[in-house]
Amino acid sequence: MKYNKLITALMLGSILLGVKTTSAQWTGPRKKVENKVDVKYGPLTPAHRTDEAMERFRNYGLGQFIHWGLYAIPGNEWEGVSARKGAAASEWIRTWSGPTAPKDWKNIYDNLYKKFNPTGFDAKSWAKQAKEMGAKYLIFTTKHHDGFALWPSKYTDYTVKKSPYKKDIVKQVVDAYTAEGIDVFLYFSILEWNNSNYMGKAPSTPEEKAKFDKFLEYTRNQLLELLENYPQIKGFWFDGTWDQSWIQAYDFTYKLEKELREKHPGLIIGSRFRNDEFGKRHFDSNGDMLGDYEQGWERKMPKEFEWLEGRDWDCVMTIPPNGWGYMKDWSGIYTKTSDDLIDMLMNCVSMNGNLVLNFGPDGNGHMHPGEDKLAKEIGDWIKVNGEAVYGVRHAGLAPSKLGYFTKKEDNLYLTVFNRPVNNIVRIAVPKGATEVPVTATILQNGQSLELRHTDIGLDLDKNTYYDILLPNSFITNKAFVVKMKLGKPKSQGEKLMDAKM
C-alpha cells in the first residue's frame, strides 16, 4: 500500500510540474547494436568533427539558455492558479485543460500577443550579464511550441511584429551576444499548437498529407529565413520532434538538414532534429548519432564518462526543478544554489561536456531576481577559477570523492567540493603513469602547496598516491581549485618481498 501511494504521489508530482513521463530520455549507457542494418537516412556529418566550430563547442564549458515568449506573461500561473494547483508548466501553459482551466483558455492564450510589450527588454544588458557570468554560448528561443515567433517571419502573422512591441527580438539578442563574444544557437520548436496545418499523428489521407506538406514547407522556409536573417549564428537547438507526423517525414528532414548545412557550412545541430527511416531518434538503427553532439542530457548527466563513448554533449539545466519559462513564484520549491550549479558545471566539463543554465525572463524582459543573484555568484567564482573550466578535457583519472578533475596540456586541476578534515588532498595515479603531479598551487591565490609521494602499499593496488597539504590558514566557503603541474615521476615504489601465505 505504501509503495502504491508513493508511485501515485510521484506521478502526480510529475503531472503538476508538466513532466512528460512517457517521453523521458535515456538515463544510462547506450546498448550496443549487435545486428547492423542498411540505413539510408543516417548521419550527415562525421562522428567526431574536427573543424573550428566544433572545437569551439568543446571549449565552451558554460552556456546560457533563455526561454522567452508569450508564456512569460502568465508566468506559470493565471488568476491565482499555478502549475502546482493544476495549470501546466510555464511554457506549456497553453495546453492547460480540465476543471481548473479558465473558460476558452486556448483562445485567451493565443491572444496574449496583443499584450506582449516588454518595454524593459534590453538585449545588451542580458548579454553583459551572460558575459559576466562566464557564458560562452547562448541558446535562445526563436519560437516555442505555441508557434509565436520572436522575429518578424514572412511566413506567419503570429509574430512579434503583430504585438505592441513590434521590434525584432531575435536580431537584438543575436547582435548583442555576438558583440560580447558569445556564440549564439537558436532554439526552434518544430511542433506548433497554433498552426492549423500541424498534426501529431502521421498523416494518412491525401487531404492530411497535403495539409502537413504545407506545414513542412513552412518549417523549411522559416529555418532558411533564420539562417538568412542571422548569419552569425553557430547552430540550431531543435525541440518538438517526437510526434509521428515528423518522424514519418524522414526523407524531408534528411534533405532539410542537408540543405541547412549547405547554406551554413560549420552549422552545429544536436541529435534530436530527426530520425532514420526506422523511426530511431538521436541515434540511428546502427547506433550512430544523428547530429553533431548528444542532446539527450536534459536536466540530467551521465553517471560515468564511459557512457558517452567519446561523443560531444551538453546538459541543459533549470534552476527550479522543471522551470524553463518565467515562474513568478519560486517559494515552496527547491531552487538550485550557485554551489549546486558550480558542482554540475564541473561535473559536466570533467566529462568533456558543457553545462547550459536556463533563464526565464518575465513579460517585461527582466530576469528573475533569483537568476540575477545566481549569475553574479557563478560569475564571481568563474573569474577566479575559469582556468579549470574552459578548454579543458577529461583527465583520465579515477573519480575522486573530493571533487572533479579536469586537464589542459600539462596542467591537472582538481576542483574540491569536499575538503578533507585533515587538509590532505590525496590524488590516486596509476602506478605506470608517465605523468604525475610535481607541483601544486591553490588557483584562488597562487599559494604553493607541499606535495609528497605517498606509497600506501595496499596489495594488488594499481595506483600510487600524491598528497597535497592544504594550509590551515586557507579558509573559503566555496569550492576551490588545486592546480597541479604534471611531469615525470621522481620516485618509484620499492619492490619488497611479499610474505608467504
Side-chain angles (χ1 to χ4, degrees), residues 41 43-45 49 51 53-54 57 66 68-69 137-162 166-175 177-178 183-199 203 209-243 245-275 281 290-293 295:
Y41 296 91
L44 279 164
T45 52
R49 281 171 50 180
D51 55 278
M54 279 307 297
F57 180 90
I66 294 180
W68 200 36
Y137 70 122
L138 167 74
I139 303 170
F140 182 69
T141 46
T142 60
K143 69 179 178 78
H144 208 269
H145 307 328
D146 58 9
F148 181 72
L150 292 180
W151 81 100
S153 177
K154 295 182 295 185
Y155 301 100
T156 176
D157 288 332
Y158 199 43
T159 80
V160 69
K161 188 176 181 179
K162 295 292 185 177
K166 298 188 183 303
K167 291 174 281 188
D168 187 342
I169 286 172
V170 174
K171 176 175 172 50
Q172 293 178 68
V173 168
V174 172
D175 288 349
Y177 276 75
T178 301
D183 288 348
V184 179
F185 290 64
L186 297 182
Y187 168 107
F188 184 94
S189 171
I190 299 299
L191 166 65
E192 277 198 22
W193 296 317
N194 187 263
N195 194 314
S196 61
N197 289 324
Y198 185 82
M199 62 187 73
K209 289 176 182 177
K211 183 178 175 182
F212 195 66
D213 281 347
K214 288 181 182 178
F215 176 81
L216 293 176
E217 190 59 26
Y218 156 79
T219 299
R220 172 182 174 272
N221 286 335
Q222 281 202 323
L223 287 170
L224 292 174
E225 181 180 46
L226 289 171
L227 286 183
E228 182 179 348
N229 288 3
Y230 319 109
Q232 314 99 304
I233 69 166
K234 304 301 179 184
F236 282 116
W237 200 98
F238 288 102
D239 200 6
T241 59
W242 50 75
D243 282 338
S245 53
W246 187 257
I247 288 173
Q248 294 303 319
Y250 53 82
D251 181 73
F252 174 87
T253 59
Y254 179 86
K255 290 173 181 174
L256 178 56
E257 181 184 334
K258 194 172 183 181
E259 185 176 15
L260 295 175
R261 293 186 184 280
E262 288 171 351
K263 293 280 186 184
H264 195 302
L267 192 70
I268 295 174
I269 296 174
S271 64
R272 66 197 292 176
F273 175 53
R274 63 179 182 86
N275 49 271
R281 300 176 64 235
L290 293 164
D292 301 310
Y293 68 97
Q295 208 180 343

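Residue numbers run from 1 in the order of the sequence given.
- Here CG of L216 is found 8.0 Å from OG of S245. Values are rounded to the nearest 0.5 Å.
- Closest non-hydrogen pair, L150 versus W68, comes out as CD1-O, 3.3 Å.
- Using a 3.5 Å distance cut-off with no hydrogens or angles, the side chains of H144 and S189 do not pair a donor with an acceptor.
- Considering only heavy atoms from C-beta on, I247 comes within 4.5 Å of R281 through its side chain.
- Contact check for L267 versus L260: side-chain heavy atoms found under the 4.5 Å cut-off.
- With salt bridges taken as basic N to acidic carboxylate O contacts below 4.0 Å, one links E257 and R261.
- Looking at every heavy atom in both residues, W246 comes nearest to F212 through N-CZ, 4.1 Å.
- Rounded to the nearest 0.5 Å, atoms CD (Q232) and NE2 (H264) are 8.5 Å apart.
- Summarising the geometry of K211 relative to N197, their closest heavy-atom pair is CG-OD1, 3.3 Å, with the distance given to 0.1 Å.
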- Kindly indicate, with the supporting measurements, whether the criterion side-chain contact (heavy atoms from CB on, under 4.5 Å) is fulfilled by Y158 and N195. CA-CA 9 Å; Y158 199 43; N195 194 314; over 6 Å; no

- Message: Let's go through R274 and T241 carefully: what are the C-alpha distance in whole Å and the side-chain angles of both, what is the deciding distance for side-chain contact (heavy atoms from CB on, under 4.5 Å) to 0.1 Å, and is it a yes or a no?
- Response: CA-CA 7 Å; R274 63 179 182 86; T241 59; over 6 Å; no

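- Nearest heavy atoms, G266 versus A53: O-CB, 3.6 Å.
- Although no hydrogens or angles enter the test, the distance criterion places a donor-acceptor pair under 3.5 Å between the side chain of T141 and the main chain of I66.
- Between the side chain of S271 and the backbone N or O of Q295 there is at least one donor-acceptor pair closer than 3.5 Å.
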- Check the pair T156 / Q222 against side-chain contact (heavy atoms from CB on, under 4.5 Å), numbers first and verdict last. CA-CA 9 Å; T156 176; Q222 281 202 323; 3.6 Å; yes

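- In this structure the side chain of F252 reaches within 4.5 angstrom of the side chain of R220, judged on heavy atoms.
- Note that OG1 of T219 is 11.0 Å distant from CG of L224, once rounded to the nearest 0.5 Å.
- The two atoms that bring T253 and Y250 nearest to each other are OG1-O, 3.1 Å, heavy atoms only.
- Note that CG of D292 is 8.0 Å distant from CG of D51, once rounded to the nearest 0.5 Å.
- Using a cutoff of 4.0 Å between basic side-chain nitrogens and carboxylate oxygens, K209 and D213 are not scored as salt-bridged.
- Considering CD1 of I233 and OG1 of T178, their distance stands at 9.5 Å, rounded to 0.5 Å.
- W151 is not listed as a side-chain neighbour of V174, based on a closest heavy-atom distance of 4.5 Å or more.
- Side chains of R272 and D239 form a contact here, defined as non-hydrogen atoms less than 4.5 Å apart.
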- Task: Applying side-chain contact (heavy atoms from CB on, under 4.5 Å), run through Y41 and N275 and close with a yes or a no.
- Result: CA-CA 8 Å; Y41 296 91; N275 49 271; over 6 Å; no

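- Sorted by first and then second residue, the salt bridge (Lys or Arg N to Asp or Glu O under 4.0 Å) pairs involving residues 141-153 (not counting sequence neighbours) are K143-E192.
- Two residues are said to be in side-chain contact when any heavy atoms from C-beta on lie closer than 4.5 Å; N229 and K171 fail this criterion.
- Residues I190 and F215 are in side-chain contact: their nearest non-hydrogen atoms beyond the backbone lie under 4.5 Å apart.
- When each of F185, Y293, W237, Y177 is checked for a ring pair (Phe, Tyr, Trp, His ring centres under 6.0 Å) with Y137, only F185 meets the rule.
- In terms of heavy atoms, G240 sits closest to Y198 at O-OH, 4.4 Å.
- Contact of the D183 side chain with the F57 side chain is not registered, since no non-hydrogen atoms from C-beta on lie closer than 4.5 Å.
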